[in-house]
Number of protein chains: 4
Amino acid sequence: MSTPPRSRLRATDARLPLTTAAPPEGTRRRILETALQLFASRGYHDTSIRDLATALELRPSALYAHFAAKDHVLAELVRIGHEAHFEALETAFRDAQPTPVAQVRALVHAHTRVHAEHPQLAMVVNEEFYALSQELAAPAQVLRDRANAMLMDAILRGQAQGQFAPLHPAITAAAIVGMGSRIPHWFEPGGPIEVEALANTHAELALRMLGHASST
Amino acid sequence: MSTPPRSRLRATDARLPLTTAAPPEGTRRRILETALQLFASRGYHDTSIRDLATALELRPSALYAHFAAKDHVLAELVRIGHEAHFEALETAFRDAQPTPVAQVRALVHAHTRVHAEHPQLAMVVNEEFYALSQELAAPAQVLRDRANAMLMDAILRGQAQGQFAPLHPAITAAAIVGMGSRIPHWFEPGGPIEVEALANTHAELALRMLGHASST
Amino acid sequence: MSTPPRSRLRATDARLPLTTAAPPEGTRRRILETALQLFASRGYHDTSIRDLATALELRPSALYAHFAAKDHVLAELVRIGHEAHFEALETAFRDAQPTPVAQVRALVHAHTRVHAEHPQLAMVVNEEFYALSQELAAPAQVLRDRANAMLMDAILRGQAQGQFAPLHPAITAAAIVGMGSRIPHWFEPGGPIEVEALANTHAELALRMLGHASST
Amino acid sequence: MSTPPRSRLRATDARLPLTTAAPPEGTRRRILETALQLFASRGYHDTSIRDLATALELRPSALYAHFAAKDHVLAELVRIGHEAHFEALETAFRDAQPTPVAQVRALVHAHTRVHAEHPQLAMVVNEEFYALSQELAAPAQVLRDRANAMLMDAILRGQAQGQFAPLHPAITAAAIVGMGSRIPHWFEPGGPIEVEALANTHAELALRMLGHASST
DNA sequence: AATGAATGAGATTTCATTCAT
DNA sequence: TATGAATGAAATCTCATTCAT
């Protein structure tokens, strides 16, 4: 933050609610909500403890009653984000018809919804993840790998069963996952595009990329 | 950089050459090359002038004979990156057959090549752009908008001519552009995937997303 | 301060008390007292935050809990000085007989006392005022203008009533005011000249300059 | 100088000619003229070698072919100022009738002229003198003391001869000298007051302060 | 006489954090 | 749970100056 007036934000700086994976109320929750907003719009390294305290109308030292250090706040947000994401994918997968097409559709739909409904969390999870030490990032990394595996697994089963004709499964999977990651960079909640429409469109785009016949 | 031992990097920290849009040699060029590497792997705000000077085996004050301020180094990299990107797209567009399909294929191919051949520059251009003041970012923003317009224009012409059946042109364009932006996050130059293969695959994926008939 | 050994001081470096317009006690008061001494003897621009912190047996960063920036310390001293000066003049004017002669005598007497009793504050107020931005200097400028107006008004009334025969009112006013401003450059508190004697002498000199008949 | 926009100047920043005590032409002269302007309006410590070089359209290192160090530039200006001042006083004294009244009138007239015609030099001589080490200031200090002695001597002779009735010779001398020193703080060359009128007025004010009978 | 590149010291200020209260 | 005061380290940047050219 600091002195030079930065007018452009990376992401919306609206005050968005946290997911249910966060603590329900109290100062700890307020800190997380405010940090989320600041980390998303200015970045972790460009947000100081003083910026955070100022936005909370607290003194910097007060934060240390709730978090051991600045990076623990980020780690908690990253954890919350990954848990919300993973749970959404797991639920979608469990509720889908047990076919690769249905599963990919469900996974991409859920992946998109999470990114569009929680763009700040998605921004922090995707862009500020690398500011964490390996130790603090580890729990999130596990979920990240499992989520990717779910999608890759469905793609490969679909290919084996002849429903998909991917040009290159790994490249295509990266493209599909990336479609979601980019959402907070351009999507505006409350704008002209509905979250549900976006999720459906992304699901169909994924199937098109995979060469699924009926998706024209 | 700071204290906490960060083992994971955001992008390759290999020493990659700059594009021809950069100054040919001398200390200014060395500063840009080194800054590119550091900004790409650790981020602009997590790279200090001291880190940069140390990597260059110079004293911090020596940098100020070449750049007025830290953000001017970033601005120059962002400018170089956008110019290289824009020139690649322009050349590809000019050399392509004058049909929407050929043009989209050429644009996506070029877009992908630039991101895969200059992943550090792509990372800095895409992720650290927001650290610049509006004033310093303005020249790059112009090129960014023009590049997006080139693609969008080809998509809409293809749709009008019946070669494309996009589900939603704006969402699809964002997905296509985003495919490139994500490359430095996962693609390793010199790894198992060739740049040319990646570029061709992305071009075909784009046509599939646009619902181009023969791309199955 | 810096390297070159400066042996000569501009003003006494004795530790003089601040006026009652200053905060009564605490670190903020200590900072102001020490800054006053340093700014008066070495000048604002030649006194670093480190010099100030060293003299206070504090770390430089500790000062920022009390003042937002170095120039805010100067601005506060300038404010205190102007308030003490203006109040002294106002009180003297109020308590004087309502004749121009008595008023000029009272104003010059008070003006002189303030400069002789607070030579460091007078030095900082007169010589370092220009180091402040217009914004920070504004409150002091208002008092300065009002004080000058009080004197000028009395002079012009005395002239209109025939008690004064000034050669040139504006030049004479500048000379009278300047007599006070020069005090910290030569007057030594505790030296051979008493403050009260100096104040009386300056008052009579002012009346002589104004061509007041009985002042021989 | 530096970043914060300082709008108020201590003295006129017009480009005024140097006295004949300065080198006649060439870069050394240009440096002195430009330094005079900057030191007078912003102060010695707030003017950097870079500021000076920039104003001269030279590189900072070029200055070192002409002056050994920054303080040598100031010392030279201080020397020039004191020589011009002392010569003016000496000439005026020599040409005056050999009476205390005529000598005081001549000395004050010359003292005033020098300050009014060279306000920048007067400002630097009076306010930045203290930035010099004792060694560099010594030659100027000699002239300063001799000039004060000339005036004090005339005053005491006039008192002994009954032409002056000073309330306190030392205080009065300080007031008379101070009248001149204050000139650059308020007097504007080319403004409504002529230099000659100012010099005459100051001379009469001095005689009034000294209690000279006919000066009413 | 002037330049470009560099330096070592130091400038002001901000950083995350601690600790007594 | 929060505060005010303080700290040590580090941030960006400027300083006067040097030196090879």
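Just so we're on the same page: letters track the sequence lines, and every chain starts at 1.
- Under the 3.5 Å distance criterion, with hydrogens and angles disregarded, a donor-acceptor pair is assigned to the side chains of A/Ser48 and A/Asp51.
- Between C/Glu128 and D/Arg10 there is no salt bridge, since no side-chain N of the basic residue sits under 4.0 Å from a carboxylate O of the acidic one.
- The distance between atom CG of C/Asp51 and atom P of E/dA9, rounded to the nearest whole Å, is 17 Å.
- A sub-4.0 Å separation between OP1 or OP2 of F/dC15 and a side-chain N or O of D/Ser48 is present.
- Residues B/Ala62 and C/Ala68 each lie close to DNA chain E; by heavy-atom proximity, the contact nearer the 5' end of the strand is made by B/Ala62.
- D/Glu33 has no carboxylate O lying under 4.0 Å from a charged side-chain N of D/Arg30, or vice versa, which leaves the two without a salt bridge.
- Nearest nucleotide to the B/Lys70 side chain, out of F/dA16, F/dT3, F/dT12: F/dT12.
- Of the side-chain N and O atoms in C/Arg50, one or more sit less than 4.0 angstrom from OP1 or OP2 of E/dA11.
- Geometric assessment of C/Lys70 against the ring of C/Tyr64 yields a negative cation-pi assignment under the 6.0 Å and 45° thresholds.
- Residue D/Arg59 has a polar side-chain atom (N or O) positioned under 4.0 Å from OP1 or OP2 of E/dG4.
- Checking the phosphate oxygens (OP1, OP2) of F/dT3, no side-chain nitrogen or oxygen of A/Ser61 falls inside 4.0 Å.
- Whole-Å rounding puts the A/Arg28 CZ to F/dA2 P distance at 13 Å.
- As a whole-Å value, the separation of A/His45 NE2 from F/dT12 P is 12 Å.
- Note: CD1 (B/Ile31) to C1' (E/dA6) measures 11 Å, nearest angstrom.
- Residue A/Ala65 is classed as having no contact, given no heavy-atom separation below 4.0 Å to the nucleic acid.
- Summarising the base pairing, E/dT7 is matched to F/dA16 through a Watson-Crick or G-U wobble pair whose two defining distances lie under 3.5 Å.
- In this structure, A/Leu63 places its CG atom 13 Å from P of E/dT18, rounding to the nearest Å.
- As a whole-Å value, the separation of C/Tyr64 OH from F/dG4 C1' is 19 Å.
- We find that D/Arg28 and D/Glu76 are joined by a salt bridge, their nearest charged nitrogen and carboxylate oxygen being less than 4.0 Å apart.
- Listed nucleotides: E/dA2, F/dA2, F/dT12. Nearest to the side chain of B/Ile49: F/dT12.
- Between C/Pro60 and B/His66, the one whose closest nucleotide on DNA chain E sits nearer the 5' end is B/His66.
- We find that NE2 of D/His72 is positioned 13 Å from C1' of F/dA16, with the value rounded to whole Å.
- If you measure from atom CZ of B/Phe67 to atom C1' of F/dT14, you get 18 Å, rounded to the nearest angstrom.
- When Watson-Crick and G-U wobble pairs are counted only if both distances are under 3.5 Å, F/dT21 pairs with E/dA2.
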